[in-house]
Asker: 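Input: one structure, supplied below.
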Amino acid sequence: MSMTVVLSQALLGLNVGVFYAMLSLGLAVIFGLLNIINFAHGAMYMLGAFIALIGYSFIERWFGISMEIGFWPSLILAPLLVGALGILIERTMLQRLYKLDHIYGLLLTFGITLILQGLFANYFNVSGTPYPGQPESLSGVVNLGFMYFPTYRLFAIVFSLVVCFATWYFIEHTKLGSRLRAGVENPELTQAFGLNVPLMITLTFGFGCGLAGLAGVLAAPIYSVSPLMGADLIIVVFAVVVIGGMGSIMGAILSGLALGLVEGLTKVIYPPAASTVIFFLMVLVLLFRPAGLFGKEK
Amino acid sequence: MPNEELLRIENLHAWYGESHILHGMELTVREGEVITLLGRNGSGRTTTLKAILGLVGRRTGSIRLHGTEVIDMPTHRIAHVGRLGYCPEERGIFASLNVDENLELPPVLAKGGMSVDEIYRMFPNLKERRASQGSKLSGGEQQMLAIARILRTGATLLLLDEITEGLAPVILKSLGKVIHDLREQGFTIVLVEQNFRFAAPLADRHYVIEHGRVVECIEAAELEAKQEQLNRHLSV
Ligand SMILES: Nc1ncnc2c1ncn2[C@@H]1O[C@H](COP(=O)(O)OP(=O)(O)OP(=O)(O)O)[C@@H](O)[C@H]1O
Ligand SMILES: [Mg+2]
C-alpha cells in the first residue's frame, strides 16, 4: 500500500471530518446552552442542501420566474433561512419544554425531523438529486504534490475549518461569548445582572441550526441532495458527540475531524470496518470514559 | 425633603413551587441608606432579595424600584429599571470565566460606574489574578470580585447577601472598609447579614425577619435600647 493512497484517503477522511465537526459543533453549542439534544440537526443540514438545490434548479420550474440562485448567494441565504426556521421552532415549541426532562426536547425535534423528511420525500427523489450549481472557479483538481485533489473538496475543508475555529474563538474569546458561557453556567444570576438569557438561547439555537444549514450547502455539490441525507449523517454525528463529550466546543470540533480521519484510514486498512469503526470507538468511550474524551467527568 | 425611595416592598408573598416562603414582607429603602435584613437561618432573607430580582417561582404584592412597579417584570429587565447590583449568597463567581470576564460580565446599567482601572486600584490583589479562572480564586478573592463586578455597572442600589460568610478577620476588616467607603460615596445598600458585629456600625436601620415577614424594625439610634429584643429574635 503506497503512501499516496494513505494520504489521499486521509484527505478524503478529513473532508468527511469537517462535516462531522461542523454538525457536532452545532449540537454541542445547542446542548450547552439549551440542554436540548437537537435531533432535528440532520434535517436542518438536509434543508440547507435543498435550499441551495431549489434556488438553483427549481425556481423557474416551480414558479415560472426565470431566476437562478447560485452557490455563493446560497452559502449565505440557506444558513439564514435555516437559522430563521430554528428560531421559529425554538420560540413557538421548544421554549415550552425547558422545564421538562430533555427527553421531551429530543422527542419534539425527532418529530420535526420526520415531518421535514416526509415533506421533502413527497417532492424529491429519495435516492438523491445532483446539485449542478458548483461554481466554475472551484471545478477541476489541484496538484498537492503527492496527489491531485478536487478543488471543491479542498475549498470545503478549508472553509469549514475557518467556520469551526471562528465559532470556537467567538465563544471562548469574545465578550459576547463570555456572556453565553455565563448563561450556560448560571442562567439565573446572568439574568439577574440584566442580560436577556432567553434571547441568547433563541439566537444560539438559530445559530446552531444555521451552521447545520451551511454544512448542507457545502455538502450539496459533493453528495447528491436527498431527503434522507441528514438522517444518515446525524446518527454518526451523535456518536462523534458522545466520543468528544457533550458540551465541549473544542472537543466537538477536534473529535469530528479526528473521527473523519479514522474513518478514511480504516478504508485503507480494513475497508469493511469503515462504516462501523466510529460506533466501535463510541462503545469503548462509553465503557471507559463515559463523559467523553473532552468532557468533564462529573 | 427626605431622599427618594429607591425600593419599596409591600405585602410581598413568594413561593418556590408549592412552598410559600414570604408572607407579606414590607420594607422601604431611601437613597443613600444602608439597611440590614437580620434573622435566623431559613427566615427568608435570601428569598427576599431573590424575590426582588424575580428569581423565585412566583411572587405577588408590590415591589417598586425608583417608583416603577416590577412585580410582573421579567428578571433581565429588573436590574436596569432599579439600577441594581446583586451579590448572591454563594458569591456566584462564574467558574468558566476568568477574573476579567467575570468583572466585565454584568452590563452597564447607568453612567457613573467605576472603570476597570479604578476597580483594580480598589482591589489590587484581583488585578494580579486577572487572567485566572474564577474557579481558582480563594474565598476572599471571590468575595472581592463579586462586589467589584457590580461597581462597574453604575448600579446605585446594592443587594449584598452574606458577604462576610467564611472570611478571615483581616479580610472582614477590609471588606468593612469597602462597604463604609461605598456608603460615603452615596451607594444605597441592602445587607443580608449573620455577622451582626460587622453590620451594626454600617447600617441606618435593621429589619428583623422571621417566617418570611418583618417582625421588628430597629433604627440605628434605638439599637442600644432594643438590644435585648434583638438578641431574643436572633438567638437560636
Ligand atoms: N429553592 C428552594 N426551593 C424550596 N425551598 C427553598 C428554596 N430556597 C430556600 N427555600 C426555603 O425557603 C426558606 C427561606 O430560605 P432563605 O434562603 O430565604 O433563608 P435565609 O434567611 O437566607 O437563611 P440562610 O441563608 O441563613 O439559610 C427556607 O425554609 C428554605 O428551606
Ligand atoms: Mg440566605
Side-chain angles (χ1 to χ4, degrees), chain A residues 28-35 90-91 95-96 98-101 167-204 244-252 291-292 294-298, chain B residues 16-17 46 49-57 65 70 73-110 113 116 131 133-135 146 149-155 157-159 161:
Chain A
V29 169
I30 289 172
F31 182 79
L33 196 57
L34 288 78
N35 230 339
E90 199 275 342
R91 274 279 141 128
Q95 232 167 45
R96 296 156 182 266
Y98 291 146
K99 292 205 174 77
L100 309 174
D101 191 272
T167 304
W168 168 81
Y169 182 86
F170 172 78
I171 292 175
E172 298 294 339
H173 293 284
T174 66
K175 181 153 180 178
L176 220 62
S178 72
R179 289 178 170 185
L180 275 180
R181 278 178 284 137
V184 170
E185 189 180 328
N186 188 343
E188 286 203 336
L189 184 57
T190 308
Q191 289 197 81
F193 283 150
L195 293 168
N196 191 342
V197 176
L199 181 67
M200 278 162 34
I201 288 178
T202 304
L203 293 178
T204 302
M246 273 290 190
S248 159
I249 304 296
M250 193 44 115
F294 297 85
K296 290 189 189 74
E297 301 277 349
K298 285 250 162 67
Chain B
Y16 292 113
T46 296
L49 299 190
K50 285 191 165 181
I52 295 171
L53 290 158
L55 297 177
V56 289
L65 290 166
V70 299
M73 215 176 254
T75 296
H76 65 87
R77 288 189 48 211
I78 293 172
H80 293 270
V81 169
R83 272 170 261 151
L84 287 185
Y86 175 44
C87 179
E89 200 163 22
E90 302 287 328
R91 299 175 182 127
I93 297 303
F94 291 86
S96 55
L97 272 57
N98 67 26
V99 169
D100 265 340
E101 286 171 334
N102 264 290
L103 198 55
E104 298 196 28
L105 177 70
V108 170
L109 307 170
V116 172
Q133 285 306 108
S135 49
R149 71 179 164 191
I150 55 185
L151 299 179
R152 223 195 88 254
T153 63
L157 173 55
L158 311 184
L159 309 177
D161 198 345

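Quick note on labels: first sequence line is chain A, next is B, and so on, each numbered from 1.
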Asker: Assess whether atom OH of A:Tyr169 is packed by more than 12 heavy atoms of other residues, nucleotides or ligands within 6.0 Å.
Answerer: no
Asker: Counting heavy-atom pairs closer than 4.5 Å to chain A, which one of B:Ile150, B:Asp100, B:Asn98, B:Thr75 comes out on top?
Answerer: B:Thr75
Asker: Heavy-atom distances under 4.5 Å only: say whether B:Leu84 touches chain A with side chain, backbone, both or neither.
Answerer: neither
Asker: Assign the ring pair A:Trp168 / A:His173 to parallel, tilted or perpendicular, where the plane angle (0 to 90°) is split at 30° and 60°.
Answerer: perpendicular
Asker: At a heavy-atom separation under 4.5 Å, does B:Pro88 approach chain A through its side chain, its backbone, both, or neither?
Answerer: side chain
Asker: Is B:Ala155 in contact with chain A via its backbone, its side chain, both, or neither, using a 4.5 Å heavy-atom distance?
Answerer: neither
Asker: Under a 4.0 Å threshold between the charged nitrogen and the carboxylate oxygen, would B:Glu101 count as salt-bridged to A:Arg181?
Answerer: yes
Asker: For atom NZ of A:Lys99, decide whether the heavy atoms of other residues, nucleotides or ligands shown that lie under 6.0 angstrom number more than 12.
Answerer: no
Asker: If only side-chain N and O atoms count, and only distance matters, is there a donor-acceptor pair under 3.5 Å linking A:Arg179 with A:Thr190?
Answerer: no
Asker: Let me know if B:Ile52 has heavy atoms under 4.5 Å from chain A in its side chain, its backbone, both or neither.
Answerer: neither
Asker: Out of the candidates B:Leu65, B:Val108, B:Leu109, only one should pair with B:His80 under the side-chain contact (heavy atoms from CB on, under 4.5 Å) rule; please name it.
Answerer: B:Leu109
Asker: Answer with side chain, backbone, both or neither: which region of B:Leu49 has an atom nearer than 4.5 Å to a non-hydrogen atom of chain A?
Answerer: neither
Asker: Can you tell which of A:Asn196, A:Val184, A:Leu199 has the highest number of heavy-atom pairs within less than 4.5 Å of chain B?
Answerer: A:Asn196
Asker: For B:Leu53, is it the side chain, the backbone, both, or neither that has a heavy atom closer than 4.5 Å to a heavy atom of chain A?
Answerer: side chain
